[in-house]
Structures are given as C-alpha cells and as structure tokens.
There are 2 protein chains.
Amino acid sequence: MTYQQYPLLKPYLITRSLQPENQETPIQFIEDNIVKTHLLYRRNHFPYPTLSDSNFWFTIIGAVRTPISLSLQDILRLPSKTIKVVLECSGNKRSLFEPKIFGEQWEKGAISQGYWKGVSLHNVLELSGITKGAKEVVIEGNDYGYRQDLNKEYRYARSLPLSKALHPDTIIAYEYNNKPIPFKHGFPFRLVVPQWYGMASVKWIKRITVMETGFNGPYQSIDYVYYPIGDDTGAFPVTTINVNSTIQKPLDMQVLNTGICEIKGIAWTGKGYIKNVEISTDEGSSWSNAVIENQNKAGYEWTSWSYRWSAFNKGEYTIMARATDSFNRTQPTSAFWNRKGYGYNAIDKIKVKIE
Amino acid sequence: MTYQQYPLLKPYLITRSLQPENQETPIQFIEDNIVKTHLLYRRNHFPYPTLSDSNFWFTIIGAVRTPISLSLQDILRLPSKTIKVVLECSGNKRSLFEPKIFGEQWEKGAISQGYWKGVSLHNVLELSGITKGAKEVVIEGNDYGYRQDLNKEYRYARSLPLSKALHPDTIIAYEYNNKPIPFKHGFPFRLVVPQWYGMASVKWIKRITVMETGFNGPYQSIDYVYYPIGDDTGAFPVTTINVNSTIQKPLDMQVLNTGICEIKGIAWTGKGYIKNVEISTDEGSSWSNAVIENQNKAGYEWTSWSYRWSAFNKGEYTIMARATDSFNRTQPTSAFWNRKGYGYNAIDKIKVKIE
C-alpha cells in the first residue's frame, strides 16, 4: 500500500529581519503571475500596529471643503475597481549594490503582484472636496515608532503630488486576491499606488491630509530619497519604479546538464510597458530576444518571458537579462549607486555551469 | 476594543531549490537551542521517496551471521536513547567560498539541532551478528534518482567505518523532539551520526549491508570528497564536522545605534567540545573572549555564546567570531577551498554600521 506519493514542495517567505518584520518573496520559485498572500513580501518600518475599533475609520482633513470620517462600511459602499499591480520595495536588490550598502539586505524578492480591489482615492477625496490651493495628499498609517536619528516618535506617513493622488488607479484597497487584505498587509485598508515604489502604498490608513505646502516627514525627506554621493548634494525623491528584470530559472550557481536550457523570468517597469527582454549567455557580447509571454500594454503587471538556450557546450556561463520599456528606458550595465540603496535595476545576472 | 496586540513574528525555511527540495534553517533567528521541526533544514539529493508498507522494514545483509529484516515495531521494542545533536550539511556556508563554487548556495543555515531518539546501530547490528572480516557498514535510503554524470539511477547510500558504525551514539532514530520523525526528514527511521557532517545520516533507511571491502558508491567516492585543487589529486573524504561558529546577532549589514550592542551566536565542533569563542570588532587586530552560555563537555550540541560590545563610536565595523575546540582546532582566517565546496569554517564575519 502506498501512503504518500508526492509530498508538497513549497517555498516560504525569506526573513531579512523580525523586528520589524521584513520578509521577501521567494521570487525564483513563483511560477504563476499572482503571488499568494502568504508569499507576499512584508516590509515594515515599525512593529505591527494594534488593531482596534479605531482602525476601521480614517479621517480626511486639511485643504478640503468638509473634513470627514469614513468607515470601512462607507468605503465598501463606494464603486470599486480591481487592478493587477506589481508592488516593489525601493530597496529590492539592495544587496547587489557595490560598494555594499547598510540596511535590509533585500535580494531579488522584495516584489510581488496580485489583484488589489478598492476604491479610487480620487472618489474618496471628492467626498471631502479638495480646495483650490491643494498641492499634496499625505497618507498616514497606524504604524509608528521611535526614530533614533531624530530622537522622536513618528507615524509612517507619505505624500503624493495631487496628480498622482487623483489618478483613478491610485486606490484605497481592502481586498487582495479576492480576500480581505491580511492584517500584516494593511487590514482593513491601505493605499496602492501603481507604478511607484512600495513606500507610497501606505498600510493601515489612519488619516489623509490635503496640504497646500510640501510635506516633509522623515519618510519623505530623509528616507526614500536618492543620495547619489556621500553628502546630500543632488538628492531627489524615490518615485517611479525603474525598468527591471529578474531571472527566475535557472538558479544562480546552478549546475545543469548539456542540452536545451529554459531561461525564464519576469520584467517590469513603472512607465509604460515592457517592450523587449534580451538575453545574453556570453557576458554581454551578443544578445537575443526572449519570448514575451504576456505583454500587457495597459496594465501594471509584470511581463513573463522565456528563452530556450542551446547549452550544448560544457563550461561556465554568465546569463544576463536586459529589459526595455516602451519609454525606451533600458536596464543599465551597472546600477545607479546611491547612499541608501534604492532603485537597483542593473541588468540581471546569474552564473551557471554546464556539465 | 482591541482585537490583536502582537501579531506573531516568525521566520521560515529559506528555499535553495525545490527539485529536489533543499531549504535552510533561518539560523540567525533561532533563539532557543532546539530547532523546531518546521525549521529543520531539508537537504535532499532526489525527489522524496514514496511511502509504502515496505518503508516500515529494513534488512541487514552482507558480512553478518544471520541476515534479518526488522520492522518499525521491532525497532521500537529495543532499548532507546535520546541524544541532542547538531546536524550540519557539509555544504553549509558554501556560498561564502572564494572563488565561488557551483551547486546549492547554502548560506549559514544548513545546520540545526534537536533531540533525536532511537536505538544504537550497534544494538541493531548485534541482532544480525557481524562476522570477522567486516570493515564498513553501508546504509541505503529509500530515495533514489538518475545521475547524469554516470548515466544511471542510484539509491542514496553511504558507508561508515566499523568503529563509527558501532559507536553507541550512532543511532537509528525514529523520533525528533519527542515526535515521530517527519516524512521529509526520514520517517519512519533514519540514521543519525553525531560529529559527522549530515551526509552520513542517511534518511528513510531501506537496507544495511555489512561489507568486507570499501564501499565506493557515488555519494562516497565522487561527492562528499574534498578535492583541494581542480583535479582529483589529494582527494580525501568528508567526515568529521569542522570547528565553526555563526554570529546570529546583530545581522550582517545592520545599522545600529551607539550604545551597548549584544553580539550573540553559536559555535560547534565534531571533535571534543567548544573551549573558547573570541570576538573581534576591529578586523582581527584584537580579540576578546565571549561568554560561553552552555558549555557541555560530553554532548554533541552547539554552544551558545554572547558578548557585550561597547559600541559608543559611530562608524563601520567588522565583527568576527572565532571558535576553538578542546582539540585546539581553531577556525582559520580563510576557509580550506575545495572544488565541491565542503566544510567551510573560516572565522565568521559580519559588518555593521553604528550611527
């Protein structure tokens, strides 16, 4: 009698830190184009907030005609939309920068995608009515903690310029993949800002403030800023996701047999769509186009691609993937180094040995 | 009303490959000295075997007076012993070798420890009676698969010299941490060989063969052999665990505040016990003794250690840990490079930034 034929083989989140909890998606092992909730990367600045009645409400204040409070029930009554979105932490691939950068050593998995359902922030703001001088919209979460550098407690808060805040696809989401957003991802509601790095998608929304001036909280003006050199010269904010790609198969440093080798992966961008993914197996001397599996010119999802490589000669090889988007942004040979390590998007590279 | 105060923060196994399933323990986040079953590293050469009635029996053949078959019930009737053992994959830390080595890129987590309960292989072999010319004992598992290099299917099998096979603490285990061994770790019975790297601790035992000659299966004579240079000159088998240590806290590349910083970790050896762990925070110029938390001169467990570092000056620091065992084996400055990447045990190193 046979009891067990195929034990389940499954990957788990990879822990970068537990206090706060930062865990990345095992992206090499994600085979479909929807990341399940338990594999959705977790990125926190603080301990998880306490869940209480007050979490089911948020207020809209500031440069509005009528300050209001909205409950989860209110939000659920508004017209909804569902969008398939890539969320990527701006620190994704930080561990690949040279020289190395201190902080969470994200490898390639601080990225996920899935279906987010919610209401347009635009529609929600209309309930309050934005006044003429409005310039930015600040979203505060229920998560907070002490910042040693400023010797003070802060709530996580980020602003969006009005144009981005009013984009119809910037949503207050309450479902992920057809289920209520899990607590660790912002239950009961969070912002989802397509095309921007994840820091903009504030979780556990507590308050929305429409401002007539620029917001300069520490997560706006200290963190999530590109510092191209040691000091603050030339600093500019982290916003749109860079064009990027990740090779999922084969695995880095894998030993393979001679024969046809399937190279596959994903590519994504915060501007337009992925037009092209090229593969090199000879250190960048020559490039061939990968097959684009699901080109979607309108959406916010990643593009899957694959390439059949005739690996008939034994030896060691570097496989590279280079994506280009419809704005002709192409992954660079080396990433734009910046002091806090955001936006890494150099040509993706792995090594394999053919035996 | 408060619904949820402290969401559970927990680490998971880190996946290196899924076919076969190879996953490492999130060792930096293991706080007690027993690794729970779901965090016990998984190292496989092949797909998991099929579980059927025949798995509950194994045979003893070869240079024995009476070939016998033993069932799980038979094994459970023999006198048992429980030992707390470090199991470490010989590929643990392979990713740290320079030059880099192809194959599973284990970081520091291909190591675990816990309580294994079972019967001495010695007692089991006595039931069969070993004949005079016996030299080695070969243990075969129920796991098998195709080896491309030899163009043939093989079963996983390893031999032990008679002295190691007959050591009273070399056991056929059937429980881990007071529960039946989980299927992925060898249910219903597996070998546990203290002080040797994990390749000796064959899972899913199918057959034991006492041999009068040396066994030369591929996992004995091709893999799990140190090859100090490109060709096979000077090759010798992987056996005893090297003296080693791993810093658990702080995390590599962590940013810390000025003040007292607790450095903590584990150290282990396959010979004797850990006598001493030294810490350097100045690139190895000076060393101080860590506090040994649980020195155990008789057992097979790792030693926890800690060190209070006065980190009052801002800057970037390299923290190093160097363990020495009671045979005066000390971790080397650089690891003994070998072609297949076994036994990495250089002084453990991380970097931190004090702000």
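Proteins come first, then strands; the chains are lettered A, B, ... in the order of their sequence lines, and each starts at number 1. Note that the coordinates shown come from a computational prediction; the quantities given were computed from them, not determined experimentally.
To the nearest 0.5 Å, the span separating CD1 on Ile14(B) from CD on Glu107(A) amounts to 9.0 Å. Put simply, CG on Leu18(A) and NZ on Lys10(B) are 11.5 Å apart, with the number rounded to the nearest 0.5 Å.
In terms of heavy-atom pairs under 4.5 angstrom with chain B, the leader among Gln254(A), Gln28(A), Gln148(A) is Gln148(A).
Heavy-atom neighbours of Phe97(A) CZ from other residues, nucleotides or ligands within 6.0 Å: above the threshold of 12. Within a 6.0 Å sphere centred on CD of Gln19(B), heavy atoms belonging to other residues, nucleotides or ligands number 12 at most. Counting non-hydrogen atoms of other residues, nucleotides and ligands closer than 6.0 Å to CD of Glu31(B) gives a total of 12 or fewer.
Leu8(A) approaches Lys184(B) most closely through the heavy-atom pair O-NZ, 2.6 Å. Across all their heavy atoms, Phe29(A) and Arg16(B) have their closest contact at CZ-O, 3.7 Å. Listed here is the closest heavy atom pair of Leu9(A) and Glu21(B): CA-OE2, 3.3 Å. Shortest non-hydrogen contact noted between Gly103(A) and Val255(B) is N-CG2, 3.9 Å. When all heavy atoms are compared, the tightest approach of Pro11(B) to Thr15(A) is CA-OG1, 3.3 Å.
The parts of Ser17(B) that come within reach of chain A are both its backbone and its side chain, each placing non-hydrogen atoms under 4.5 angstrom from that chain. Asn55(B) does not touch chain A: none of its heavy atoms, backbone or side chain, sits under 4.5 Å away. Neither the backbone nor the side chain of Asp149(A) comes within contact range of chain B; no heavy atoms are under 4.5 Å apart. Using a 4.5 Å cut-off between heavy atoms, Leu13(A) contacts chain B through both its backbone and its side chain.
Contacts with chain B (heavy atom to heavy atom, under 4.5 Å) involve these residues of residues 347-355 of chain A, listed by number: Lys351(A), Val352(A), Lys353(A).
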